[in-house]
Amino acid sequence: MRLSRYFLPVLKETPAEAQIVSHRYMLRAGMIKQQSAGIYSWLPLGFKVLRKLENIVHEEQMRAGHIPMLMPTLQSADLWRESGRYDDYGEEMLRITDRQGRDMLYGPTNEEMITDIFRANVGSYKDLPLTLYHIQWKFRDEIRPRFGVMRGREFYMKDGYNFDLTKEDALHAYNRHLVSYLRTYERMGLQAIPMRADSGPIGGDDTHEFLVLAETGESEVFYDSAVTDISLGARDIDYDNHDQCRAIMEEFTALYARTDETHDEAVFTQIPEARRRVARGIEVGQIFYFGTKYSEPMGATVQGPDGKPVPVHMGSHGIGVSRLIGAIIEASHDERGIIWPEGVTPFHAGIVNLKQGDSAADAACDSLYAALVAQGLEPLYDDRKERAGGKFATMDLIGLPWRVTVGPRGLEKGVVELTCRRTGESEEMSPQAAVDRLVQIYAPHRVSGL
Ligand code: ATP
Ligand code: MG
């Protein structure tokens with residue numbers, strides 16, 4: 001993309017309404033525009049990051065054997081009356097009446113709808129196990145929408161639902177989700193720690209939230225610092241292997257890590273003092289096992305091996321896709337702007353032409369651009385007639401992890417400069433070497449999409 005043809009409305013001033021750094025940078029980098037409280041337009045740069053996250057989520061869900069689909073945002077109130085949640089959910093639910101006077105709602109989550117789809121189409125235990133998911137906009141009329149996309153009213157969420165014959169199988173689905181979520185967050189350059197949590201209005205017994213540690217997080221968390229030393233890394237995972245998934249779940253949840261709702265001071269104080277941490281975190285996902293809470297009242301049964309109908313065991317599993325963008329920025333920025341992890345960056349590299357209009361510099365930028373595109377990379381070429389300082393400031397603000405700087409003086413020596421946004425280190429090399437290096441850097445971060 002050439003910047004002169006793009007739509008990147010960066011702001012010089014810091015918007016007064018933004019209280020935390022991710023919100024400030026998302027507004028300044030022209031990623032979002034607020035339309036009303038907690039409701040945003042996703043401008044091109046923000047939309048690009050949202051799509052990247054969504055693709056990673058899809059890839060990891062499908063890798064775990066979960067099946068993508070799409071349910072509508074608007075739902076009939078009748079389904080929610082069946083589960084008893086129409087009254088329970090309270091004022092967070094946006095209720096709408098259509099022209100026929102029918103009660104509708106903008107879905108805050110989809111347990112009821114997926115259970116309805118299941119009961120209409122699945123009749124036998126032979127069709128299990130089954131996990132369906134979608135990535136769709138949700139609406140919760142939050143009492144205090146704030147921090148930009150972090151606590152919106154309209155937000156983008158992946159929600160998945162497992163249907164299993166037995167509790168044991170459903171617990172495997174729980175573990176499988178836990179493992180696939182760990183992989184998902186690691187690919188986004190994040191450490192998200194599973195913490196034992198409270199189930200809230202979803203209901204159920206087993207639940208973990210995934211928290212990204214950040215001072216601006218809304219949750220208070222208590223943990224053993226040793227949990228921050230564990231990572232999944234490049235392990236081979238067989239998602240059908242119950243023992244392997246259980247072992248990974250146990251490895252990641254054995255050490256103390258809880259939100260304030262489940263915190264137990266007596267257990268906490270048994271951790272060696274030097275490892276006790278009280279901090280804040282951003283909830284970026286949650287998994288639940290809730291057994292037959294929805295399948296029983298809604299009649300979602302299958303014919304079991306003995307021919308008798310049995311209600312299915314279910315769980316639901318959510319990732320806050322739009323909130324993740326805020327969480328990533330909270331975890332990865334400096335005083336000049338965002339620093340995108342390679343896995344989620346909207347463009348792979350910026351190209352800065354130090355002397356637009358100089359025929360050698362223009363030609364070198366054009367061929368560098370073409371070479372990167374030919375390698376399947378997406379450069380953002382700042383081809384505007386602007387001072388170098390202004391171009392650098394824009395690149396730093398929007399946070400592309402790598403920048404190639406091209407100018408007449410370097411070109412006389414046959415070199416361009418490759419700069420790492422995170423470390424600030426620069427290295428001179430031939431344009432071809434810069435292309436090769438970027439191809440190598442991004443090799444582990446290719447996303448196939450759907
Ligand atoms: P919270 O406690 O932050 O209100 P929740 O526990 O009610 O969230 P879940 O029902 O677990 O939310 O939804 C799954 C994920 O969706 C959450 O882990 C979070 O990342 C995201 N999410 C929930 N509410 C919002 C919101 N208002 N804005 C943006 N993301 C949200
Ligand atoms: Mg939650």
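Counting starts at 1 for both ligands and their atoms, in listed order. Computation of the quantities below employed the complete heavy-atom set of this structure, encompassing side-chain atoms and omitting hydrogens, waters and symmetry-equivalent molecules. Here the structure is a predicted model, which means the values were calculated and not measured. Count residues from 1 along the sequence.
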Next item on the list: Under 2.8 Å from the Mg ion (ligand 2), which protein N, O or S atoms are there? Could you list them by chain and number?
Entry: Glu283 OE2, Gln286 OE1
Check: Are any of the heavy atoms in Ser322 under 4.0 Å away from ligand 1?
Finding: no
Check: Salt bridge or not for Glu186 and Arg183, using N-O below 4.0 Å?
Finding: no
Margin query: Heavy atom to atom 1 (P) of ligand 1, shortest distance: which of Glu154, Gln286, Arg151, Glu218 holds it?
Written below: Arg151
Note to self: Can you pull out every ring-ring contact (aromatic ring centres under 6.0 Å, His included) where at least one residue sits in residues 314-333? Sequence neighbours excluded, please.
What the structure shows: His177-His317
Checklist line | NZ or CZ of Arg81 within 45° of Tyr86 ring axis and under 6.0 Å | finding: yes
Next item on the list: Only heavy atoms count here, so choose which of Phe155, Phe210, Phe139 is nearest to atom 31 (C) of ligand 1.
Entry: Phe155
Check: Mind checking whether Tyr133 and His58 have parallel, tilted or perpendicular rings, split at 30° and 60°?
Finding: tilted
Notebook entry, point to check: Which atoms of ligand 1 are found less than 4.0 Å from any heavy atom of Val284?
Noted result: 18 (O), 20 (O)
Item checked: Which of the ligand 1 atoms, numbered from 1, are nearer than 4.0 Å to a heavy atom of Met157 -> 13 (O), 14 (C), 16 (O)
Check: Between Tyr6 and Phe347, what is the ring plane arrangement, given parallel below 30°, perpendicular above 60°, and tilted in between?
Finding: perpendicular
Notebook entry, point to check: Parallel, tilted or perpendicular: which fits the ring planes of His208 and Tyr174, with parallel below 30° and perpendicular above 60°?
Noted result: tilted
Margin query: Does this structure show an ion pair linking Asp334 with Arg421, if we count only N-O contacts that are shorter than 4.0 Å?
Written below: yes
Check: How are the rings of Phe290 and Phe288 set to each other: parallel, tilted or perpendicular (split at 30° and 60°)?
Finding: tilted
Margin query: Please classify the Arg140 to ligand 1 contact at 4.0 Å (heavy-atom distances, strictly less than): side chain, backbone, both or neither.
Written below: side chain
Margin query: With the threshold set at under 4.0 angstrom, would you say Arg153 reaches ligand 1 through any of its heavy atoms?
Written below: no
Next item on the list: May I ask you to check whether Gly285 has an N/O atom sitting below 3.5 Å from an N/O atom of ligand 1?
Entry: yes
Check: Are Glu111 and Arg85 ion-paired here, with the side-chain N under 4.0 Å from a carboxylate O?
Finding: yes
Margin query: Under 4.0 Å, counting heavy atoms only: does Thr109 come that close to any atom of ligand 1?
Written below: no
Note to self: Can you confirm if the NZ or CZ of Arg140 lies within 45° of the ring axis of Phe155 and under 6.0 Å from the centre of its six-membered ring?
What the structure shows: no
Item checked: Arg323, portion touching ligand 1 at heavy-atom distance under 4.0 Å -> side chain
Next item on the list: Tell me, please: is Val149 in heavy-atom contact with ligand 1, that is, under 4.0 Å?
Entry: yes
Margin query: Heavy-atom distances under 4.0 Å decide this one: backbone, side chain, both or neither, for Glu142 against ligand 1?
Written below: side chain
Checklist line | Residue pair Asp164 / Leu128: nearest heavy atoms and the distance that separates them | finding: C-CD1, 3.7 Å
Next item on the list: Report the relative orientation of the aromatic rings in His242 and His172; use parallel for angles under 30°, tilted for 30 to 60°, perpendicular for over 60°.
Entry: parallel
